[in-house]
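Hydrogens, waters and symmetry mates play no part in the numbers below; they use all other heavy atoms, side chains included. Every value quoted in this text rests on a predicted model; they were computed, and no experiment measured them.
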Amino acid sequence: WSAWMALQRVVVGGSEGAGAGAALGAGLPAHWARDAFLASAALEVQENMEALSRLQALSHLFPGSLMVEAGVAQAHYNLQNYD
């Protein structure tokens, strides 16, 4: 996972706007790790609805996952959706 996080810093740090993670994801094979990476990248650049969408898909694969639940909580917090 640390390699994915290092890649995220390069992608997010070098982007001028949102969507860099999604552009990178287009070249990655369909896999749950890609979705986890793109959800994390979306949270980093405040694309919270995109992150929620990806995290919802991951929650079906990994029910009860603390990583997924923490990401969902962070996205809702960023959206100031406290309910």
Leu52 vs His76 side-chain heavy atoms within contact, under 4.5 Å: yes
Heavy-atom neighbours of Tyr77 OH exceed 12 at 6.0 Å: no
What's the spacing between [X] [atom1] and [Y] [atom2] if we round to 0.5 Å?
| X | Y | atom1 | atom2 | value |
| --- | --- | --- | --- | --- |
| Leu38 | Leu55 | CG | CG | 10.5 Å |
| Phe62 | Glu69 | CZ | CD | 13.5 Å |
| Asn78 | Met49 | CG | CE | 12.5 Å |
| Arg34 | Arg54 | CZ | CZ | 6.0 Å |

Closest contact, heavy atoms only, Ala51 versus Ala39: CB-O, 3.7 Å
Criterion side-chain contact (heavy atoms from CB on, under 4.5 Å) on Asp35 and Leu61, from CA distance to verdict: CA-CA 11 Å; Asp35 290 331; Leu61 292 172; 5.7 Å; no
